[in-house]
Amino acid sequence: MEFFQNILLGFQVVLDPTNLLLCFIGVVVGTMVGVLPGIGPVGAMALLLPATFRATPTSSIIMLAGIYYGAMYGGSTTSILINIPGEAASVVTCLDGYQMARQGRAGPALGMAAMGSFIAGTLSVIGLMWIARPLAKAALRFGPPEYFALMCTGLIILTYLAQGSILKALMMALVGIIIGNVGLDMITGLPRFTFGIDELTDGVGIIPVVMGLFGISEVLINIERTLKRDIFQTQIGHLWPSLKDWAVAKWSILRGTLIGFLLGILPGGGAILSSFVSYAVEKKVSKHPERFGKGAIEGVAAPESANNAAATGALIPLLSLGIPPNVVMAMLYTALMIHGIQPGPLLLKNNPDLFWGLVASMYLGNVLLLLLNLPLIGIWVRVLKVPYRILFPLILLFCLIGAYSVKNTTFDLFLMIFFGAVGYLMRKFDYEAAPLILAFVLGPILEQSLRQSLLISKGSFMIFINRPISAIALGFGFLLLLSNIFPYIKKRRQEYEKIEE
Amino acid sequence: MKAYDQGSSLFWLLFSVFVFIESNRLGIGTLQNPETGFISFGASGLLGILSITLFLQSSFRKEGAKTKSPFQGTLWKRVFLVLIALLLYTKFMPVGGYLISTFLLMTFLFFIVERQKLRWVLVLSSLATLVTYYVFSKWLNCQFPPGLFGF
């Protein structure tokens with residue numbers, strides 16, 4: 001009974017005209033961001049975060065979450081029509097989606113992507129409701145050692161799942177912790193690494209960092225080459241997939257949903273990894289794996305379902321534990337903190353309107369996205385035709401305004417440009433920005449929980465071993481690190497043996 | 001890639017040494033009473049170790065073909081010019097005001113990737129400047145600097 005009351009409360013919140021409007025704006029902006037290559041959901045959220053300062057926390061979170069799952073929907077359009085993923089989670093959709101478009105089946109591909117996303121989004125919202133509550137209750141018993149251990153393990157998993165070198169990802173996580181240290185010490189009140197610059201006393205703002213590393217650097221990478229986007233000239237035709245398509249794809253959607261939801265909960269997992277894993281699973285279980293890459297509809301249905309389910313699943317650790325598992329959730333975490341709301345186990349108890357309002361907005365947002373994506377495909381295709389030479393100055397301008405409007409200071413603009421240049425070089429030298437951002441956000445909490453734990457234990461690190469949850473979490477993280485080192489040592493040994501022979 | 005990994009690892013090593021020294025200056029404290037520089041001390045120490053590991057790993061790595069520079073074949077000068085323009089904009093905005101400085105920046109950016117007709121560039125720059133000014137300044141109450149000319 002209580003469950004239905006909560007759902008009712010959620011719908012009461014989201015049907016408020018302001019919240020409804022912001023949910024709509026969120027999913028439209030999200031879809032547009034997903035459609036347009038060059039600015040991802042993280043950049044868009046950072047851009048619109050200052051605009052939410054005047055809104056209530058619930059309205060802000062509803063809009064920002066809308067951008068995220070909207071981008072997951074929109075990303076498929078570019079993958080299918082021009083073979084360029086609008087955002088990273090749609091990379092794998094290119095493989096079969098574009099082939100379907102070339103075979104004159106762009107309509108069913110787009111339709112299946114939208115329907116799969118809708119089904120996955122809806123099912124995973126149900127999952128979120130069932131899991132987040134008991135997890136939040138359990139998390140009420142967590143102390144600083146448990147939080148420290150969980151965050152450390154989260155960062156290790158994130159680096160383990162990094163696309164490139166794990167060593168470089170770990171280094172970036174440490175750099176993120178160091179940057180997060182700039183500003184006043186929370187306990188002693190002493191300034192750290194401010195070098196006499198007053199603006200740094202408050203610390204380095206997340207918006208200049210995120211916009212620099214994700215927005216500016218992305219633009220810089222794009223303008224250093226001649227960009228030509230050719231939209232495949234095909235009749236989109238009817239969007240509704242045939243019964244045969246449904247028969248083939250129904251289990252793929254369900255498997256994709258389950259994989260995406262579970263991997264979404266995992267730190268660092270998120271939408272990108274889940275779309276790749278679900279594609280690999282589909283290929284493995286298929287009776288005709290040779291069809292994959294040549295226009296198999298399962299190759300579109302599964303990853304698109306997975307990335308949407310992951311977007312919802314990632315909310316579980318954020319809302320129930322207060323630990324953002326990926327960069328997008330770190331942005332939501334920051335938004336909540338700016339609005340004076342502490343994400344974590346008490347969120348459900350202290351702010352039920354926010355939690356259930358967000359859940360209900362996701363139901364509604366999924367319906368809005370279905371309504372937007374299917375009939376408005378033509379408009380999104382036209383948006384795609386905007387040349388990059390017009391698009392990139394506008395993206396840069398929005399980044400400048402976004403960074404400036406938080407504190408109305410040009411210092412943040414300098415910071416953003418600095419991080420933009422750093423992000424550009426990081427991309428050139430194969431360093432990932434995601435571990436840096438997540439560690440940057442988690443750094444201050446990590447520090448606080450470590451110092452509190454050491455104060456409780458009078459300086460003994462055994463506190464992390466004596467408490468079961470922290471011991472298991474740290475043990476798992478340690479094993480992950482070891483599992484990465486052993487194959488490397490083995491490989492080296494084999495190389496030396498070869499040389500000796 | 002080998003040389004680039006070696007170079008970047010040396011950069012991070014220097015960065016970690018700097019943070020390490022600065023953390024020491026701030027005070028590390030003890031395990032019973034960790035002080036201001038405690039976390040950055042640990043993080044920089046680990047970063048230093050990982051940087052050395054990356055340096056050694058890349059030094060012992062065998063690479064068959066000679067790898068090309070990450071800047072080779074790219075229009076990196078364009079990137080450099082855009083960065084300079086953004087820095088100049090940031091410096092000039094408090095003096096010139098939002099409208100003038102944004103218009104100038106937009107005109108430059110619309111020009112840099114592809115030569116376009118001046119008429120179009122001016123129309124696009126004016127539109128971008130005015131629309132963002134009204135949306136952010138009038139509607140969302142963002143306080144843009146008025147500059148010397150008062151607008």
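Values below: all heavy atoms of this structure, side chains included; hydrogens, waters and symmetry mates excluded. First the proteins, then the strands, lettered A, B, ... as listed; each starts at 1.
The contact between A/S405 and chain B is made by backbone and side chain atoms together, counting heavy-atom distances below 4.5 Å. At a 4.5 Å heavy-atom cutoff, the contact between A/L400 and chain B is made by side-chain atoms alone. Both the backbone and the side chain of B/F110 come within contact range of chain A, judged by heavy atoms closer than 4.5 Å. If you measure heavy-atom distances from B/F15 to chain A, the contacts under 4.5 Å come from the side chain alone. Of the atoms belonging to A/L454, heavy atoms from both backbone and side chain fall under 4.5 Å from chain B. Proximity to chain A (any heavy atom under 4.5 Å) is shown, for B/L50, by both the backbone and the side chain. Contacts between A/L170 and chain B at a heavy-atom distance below 4.5 Å involve backbone atoms as well as side-chain atoms. In this structure, chain B has heavy atoms under 4.5 Å from both the backbone and the side chain of A/F414. The part of A/L425 that comes within reach of chain B is its side chain, from C-beta onward, which places non-hydrogen atoms under 4.5 angstrom from that chain. Of the two parts of B/L124, only the side chain, counted from C-beta on, holds a non-hydrogen atom closer than 4.5 Å to a non-hydrogen atom of chain A. Contacts of B/K91 with chain A are made by both backbone and side-chain atoms, with heavy-atom separations under 4.5 Å. Looking at B/F80, there are no atoms closer than 4.5 Å to chain A (heavy atoms on both sides), in backbone or side chain. In this structure, chain A has heavy atoms under 4.5 Å from both the backbone and the side chain of B/V19. At a 4.5 Å heavy-atom cutoff, the contact between A/F461 and chain B is made by side-chain atoms alone. Contacts between A/Y424 and chain B at a heavy-atom distance below 4.5 Å involve the side chain alone, from C-beta outward.
Looking at B/S9, its side chain never comes within 3.5 Å of a backbone N or O of B/L54 through a donor-acceptor pair. Of the possible polar contacts, none joining the B/R78 side chain to the A/E224 backbone as a donor-acceptor pair under 3.5 Å is found. Put simply, the side chain of B/S16 gets close to the backbone of B/L13: a donor and an acceptor are under 3.5 Å apart. Side chain of A/T194 to backbone of A/P191: no donor-acceptor contact under 3.5 angstrom is found.
Salt bridge B/E35/B/R25: absent, no basic N to carboxylate O contact under 4.0 Å.
Classified by interplanar angle (parallel below 30°, tilted 30° to 60°, perpendicular above 60°), the ring pair B/Y98/B/F144 is parallel.
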Please test B/Y133 against B/T102 for side chain to side chain donor-acceptor pair (under 3.5 Å), starting from the C-alpha separation and ending with a verdict.
CA-CA 9 Å; B/Y133 180 74; B/T102 305; over 6 Å; no
Side chain to side chain donor-acceptor pair (under 3.5 Å) assessment of B/S58 paired with B/D5
CA-CA 6 Å; B/S58 49; B/D5 276 352; 5.3 Å; no
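Annotation for A/G423 and A/S217: closest pair C-CB, 3.5 Å, computed over non-hydrogen atoms. Between B/P145 and B/M93, the shortest heavy-atom contact is CG-CG, 3.7 Å.
The closest side-chain donor-acceptor pair between B/Q6 and B/S59 falls under 3.5 angstrom.
With A/R427 as the partner, the side-chain contact (heavy atoms from CB on, under 4.5 Å) test is satisfied by one option alone out of A/L213, A/I221, A/V422: A/I221.
Chosen from A/F398, A/F193, A/F411, the residue pairing most often with chain B at heavy-atom distances under 4.5 Å is A/F193. The choice from B/L46, B/N33, B/T129 that makes the most heavy-atom pairs within less than 4.5 Å of chain A is B/L46. For chain B, the option among A/L455, A/L190, A/I401, A/T410 with the highest count of heavy-atom pairs below 4.5 Å is A/I401. Comparing A/L396, A/V175, A/L446, A/I216 by how many heavy-atom pairs each has under 4.5 Å with chain B, the most go to A/V175.
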